[in-house]
**Student:** 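Just passing along the structure, written as structure tokens.
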Amino acid sequence: QVQVVESGGGLVQAGGSLRLSCAASGRTFSSYVMGWFRQAPGKEREFVAVISWSSGRTSYADSVKGRFTISRDNAKNTVYLQMNSLKPEDTAVYYCAAGLRGGTTRYEYDYWGQGTQVTVSS
């Protein structure tokens, strides 16, 4: 079993920055990958970014490329999402997830955090 807990959300004005953290605990497997998803009101949960624990390889949704950066600290069992140049359309509940496959759909992940709210105002 793996538990993940997000933190770092809040209210920020357009153009500002936030850094989200995802702390993982429990059994950790080298093959697991960590992903960030977000869900805005009235929208389906969408992929944001993913990182491999073992290799550090990353992938991003087109909507956040150049603005968001996913990273990990293996010693701390923590994954980060640095969000810069935030836009109102980035407003959503952000979720951290762990899975054996990774990928860009929520069905490829096995363990989910509770979510953290990010609100971007103009």
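Note that the coordinates shown come from a computational prediction; the quantities given were computed from them, not determined experimentally.
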**Student:** Show the numbers, then the answer: is there a side chain to side chain contact (heavy atoms under 4.5 Å, CB included) between R45 and R38?
**Tutor:** CA-CA 5 Å; R45 192 168 300 185; R38 65 187 183 186; over 6 Å; no
**Student:** State, yes or no, whether a side-chain contact exists between M83 and L20 at a heavy-atom distance under 4.5 Å.
**Tutor:**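 Of all side-chain heavy-atom pairs linking L20 with M83, at least one is under 4.5 Å.
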**Student:** Starting at OH of Y94, measure out to CH2 of W36 and round the result to the nearest 0.5 Å.
**Tutor:**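 The OH atom of Y94 sits 10.0 Å away from the CH2 atom of W36.
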**Student:** The criterion is side-chain hydrogen bond (donor to acceptor under 3.5 Å, both in side chains); which residues satisfy it with R106, sequence neighbours excluded?
**Tutor:** none
**Student:** Check side chain to side chain contact (heavy atoms under 4.5 Å, CB included) between A61 and all other residues, then give those that pass, not counting sequence neighbours.
**Tutor:**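 Partners of A61 by the side chain to side chain contact (heavy atoms under 4.5 Å, CB included) criterion, ordered by chain and then number, come out as F47, S63, V64.
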**Student:** Backbone N or O of S54 within a donor-acceptor pair of the N74 side chain at under 3.5 Å?
**Tutor:** no
**Student:** Hey, could you give me each pair passing salt bridge (charged side-chain N to carboxylate O under 4.0 Å, His left out) that has a residue in residues 112-122? Not counting sequence neighbours.
**Tutor:**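 Not a single pair qualifies under salt bridge (charged side-chain N to carboxylate O under 4.0 Å, His left out).
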**Student:** Would you say the side-chain atoms of R67 pair up with the backbone N or O of S85, donor to acceptor, closer than 3.5 Å?
**Tutor:** yes
**Student:** Can you give each donor-acceptor pair under 3.5 Å made by side-chain atoms of residues 115-122, sequence neighbours left out, with the distance rounded to 0.1 Å?
**Tutor:**
residue, atom, partner, partner atom, Å
T116, OG1, G9, N, 3.1
Q117, NE2, A92, O, 3.4
Q117, NE2, T119, OG1, 3.3

**Student:** Hey, could you give me each pair passing salt bridge (charged side-chain N to carboxylate O under 4.0 Å, His left out) that has a residue in residues 50-62? Not counting sequence neighbours.
**Tutor:** D62-K65
**Student:** Who are the side chain to side chain contact (heavy atoms under 4.5 Å, CB included) partners of T58, not counting sequence neighbours?
**Tutor:**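 Applying side chain to side chain contact (heavy atoms under 4.5 Å, CB included) to T58 gives I51, Y60, I70.
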**Student:** Give a yes or no on whether E44 atom CD has more than 12 heavy-atom contacts from other residues, nucleotides or ligands under 6.0 Å away.
**Tutor:**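 It does not: E44 CD has 12 such atoms or fewer within range.
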**Student:** What's the verdict on side chain to side chain contact (heavy atoms under 4.5 Å, CB included) for V79 and W53, showing C-alpha distance, side-chain angles and the deciding distance?
**Tutor:** CA-CA 9 Å; V79 172; W53 281 112; 3.8 Å; yes
**Student:** Determine which pairs satisfy side-chain hydrogen bond (donor to acceptor under 3.5 Å, both in side chains) with at least one residue from residues 12-23, sequence neighbours left out, and list them in order.
**Tutor:** S17-N84
**Student:** Tell me, please, which residues at least two apart from Y109 pass ring-ring contact (aromatic ring centres under 6.0 Å, His included).
**Tutor:** F37
**Student:** Could you give all pairs that pass the disulfide bond (SG atoms under 2.5 Å apart) test and reach residues 83-122, with sequence neighbours left out?
**Tutor:**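 For residues 83-122, and leaving out neighbouring residues, the disulfide bond (SG atoms under 2.5 Å apart) pairs sorted by first residue read C22-C96.
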**Student:** Restricting to salt bridge (charged side-chain N to carboxylate O under 4.0 Å, His left out), what partner residues turn up for K43, sequence neighbours left out?
**Tutor:** none
**Student:** Tell me whether V5 is reachable from V2 by hopping between hydrophobic residues (I, L, V, M, F, W, Y) whose side-chain heavy atoms are closer than 4.5 Å.
**Tutor:** no
**Student:** Give every residue pair that meets the salt bridge (charged side-chain N to carboxylate O under 4.0 Å, His left out) criterion with at least one member in residues 108-119, sequence neighbours excluded.
**Tutor:** R101-E108
**Student:** Is there a donor-acceptor contact under 3.5 Å from the side chain of T91 to the main chain of P88?
**Tutor:**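 The answer is yes, because a donor-acceptor pair under 3.5 Å joins these two groups.
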**Student:** Fit a plane to each ring of Y111 and Y32, take the angle between them on a 0 to 90° scale, and name the class: parallel (under 30°), tilted (30 to 60°) or perpendicular (over 60°).
**Tutor:** parallel
**Student:** Locate the shortest heavy-atom distance separating V33 from S52; write the atom from each residue and the value.
**Tutor:** CG1-CA, 3.9 Å
**Student:** Any chain of hydrophobic side-chain contacts (each under 4.5 Å) joining L11 to L18?
**Tutor:**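 No; tracing contacts between hydrophobic side chains, which count when under 4.5 Å, never links both residues.
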**Student:** List for me each residue that meets side chain to side chain contact (heavy atoms under 4.5 Å, CB included) alongside D73, sequence neighbours excluded, and say none if there are none.
**Tutor:** A75, K76, Y80
**Student:** Keeping the roles fixed (side chain from Q114, backbone from E6), state whether a donor-acceptor pair exists under 3.5 Å.
**Tutor:** yes
